[in-house]
Amino acid sequence: QCIRSTNLSPQASLEICQGDITLEAVDAVVNAANAHLIHGGGVAAAIARRAGLPLDKESREWVQQHGPVTHTAPALTSAGAMPARYVIHAVGPIWGEGSEEPRLAETIHAVLALASQNGFASLAFPAISTGIYGFPKQLAAPIFFNTIQSYFTAEPESSIKLVRIVLYDQATLDAFLGEFDRWT
Ligand code: ADP
């Protein structure tokens, strides 16, 4: 369920929710993917499991055609058996690789740009990079809020009307809620 909400523009809102992102009936669920779209662990494995074989097949084809996915160029596939329509596969920074904070912002911004190019109205983000990739949750949260807000300040006519951040574990939820209350 969604615990906090705020307006990003006259037409768009941001919600902070707790739950399993694979159950979100949005235009696009964002995956915290790796560059090769091997959906081995964390939220990627949950998405791949729920979506079924079409997602693995399209992921393989995407990498064959375009090469590894980068922070600034996420991949788009269908969502298979999930209630969402599409999956946007975003590759966040690995903590320790350098320039992690600007790279997380670039990753989030590129997802919003791709969603809007495709005319999507609703999106659900997981806490990209804060699991296996080790990005501290308290640092990640304001990067999500600031990047999403600056996107809508620059693009008030975007097709996107709803951005949900869907958090799974209690520690990540608590960190994001605490930072959200400081931010708003
Ligand atoms: P990364 O490799 O980018 O760090 P992870 O998948 O390891 O990505 O973790 C990102 C976040 O996704 C973590 O907060 C993890 O708890 C969360 N997560 C795991 N499963 C789900 C799910 N089904 N729905 C939403 N978030 C999930």
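Owing to the predicted nature of the structure, the values given are computational and were not obtained by experimental measurement. Order of appearance sets the numbers: ligands from 1, and atoms from 1 within every ligand.
Atom numbering of ligand 1 starts at 1 in the shown order; those under 4.0 Å from a heavy atom of A46 are 23 (N). In summary, the atoms of ligand 1 found under 4.0 Å from a heavy atom of T130, numbered by their order in the structure, are 4 (O), 14 (O). Short contacts between ligand 1 and G42, defined as distances under 4.0 Å to a heavy atom of the residue, involve ligand atoms 6 (O).
Taking each heavy atom of F176 and K137 in turn, the nearest pair found is CE1-O, 4.1 Å. In plain terms, the two heavy atoms of V29 and A84 that are nearest each other are CG2-CB, 3.6 Å. Scanning both residues, A124 and V166, for their nearest heavy atoms gives CB-CG2, 4.0 Å. When all heavy atoms are compared, the tightest approach of Y168 to Q18 is O-NE2, 3.6 Å.
If you look at T172 next to ligand 1, the close heavy atoms, those under 4.0 Å, all belong to the side chain.
If you check each of L167, I21, I132 against atom 7 (O) of ligand 1, the one with the closest non-hydrogen atom is I132. Counting heavy atoms only, A127 comes closest to atom 10 (C) of ligand 1 of the residues A32, A90, A127.
Of all protein heavy atoms, the one closest to atom 22 (C) of ligand 1 is Y168 CD1, 3.5 Å. Protein heavy atom in closest approach to atom 15 (C) of ligand 1: D169 OD1, 4.0 Å. Here the protein heavy atom with the shortest distance to atom 6 (O) of ligand 1 is V43 N, 2.8 Å. For atom 9 (O) of ligand 1, the nearest protein heavy atom (residue, atom name, distance) is G131 CA, 3.4 Å. For atom 23 (N) of ligand 1, the closest non-hydrogen atom of the protein is D20 OD1, 2.9 Å.
Using a 4.0 Å heavy-atom cutoff, S129 is listed among the residues neighbouring ligand 1.
Using a 4.5 Å heavy-atom threshold, the side chains of F180 and T6 count as touching.
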Could you list the donor-acceptor pairs under 3.5 angstrom formed between side-chain atoms of residues 33-51 and any protein atom two or more places apart in sequence or on another chain?
from : atom 1 : to  : atom 2 : distance (Å)
N34  : OD1    : H36 : N      : 3.2
N34  : OD1    : L37 : N      : 3.0
N34  : OD1    : I38 : N      : 3.1
N34  : ND2    : I38 : O      : 2.8
H39  : ND1    : N31 : ND2    : 3.4
H39  : NE2    : L37 : O      : 3.3
H39  : NE2    : S59 : OG     : 2.9
R50  : NE     : T22 : OG1    : 3.0
R50  : NH2    : D20 : OD2    : 3.2
R50  : NH2    : T22 : OG1    : 3.3

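For S78 and E58, the side-chain atoms include at least one donor-acceptor pair closer than 3.5 Å.
Using modelled atom types, no side-chain atom of R85 and backbone atom of F120 make a donor-acceptor pair closer than 3.5 Å.
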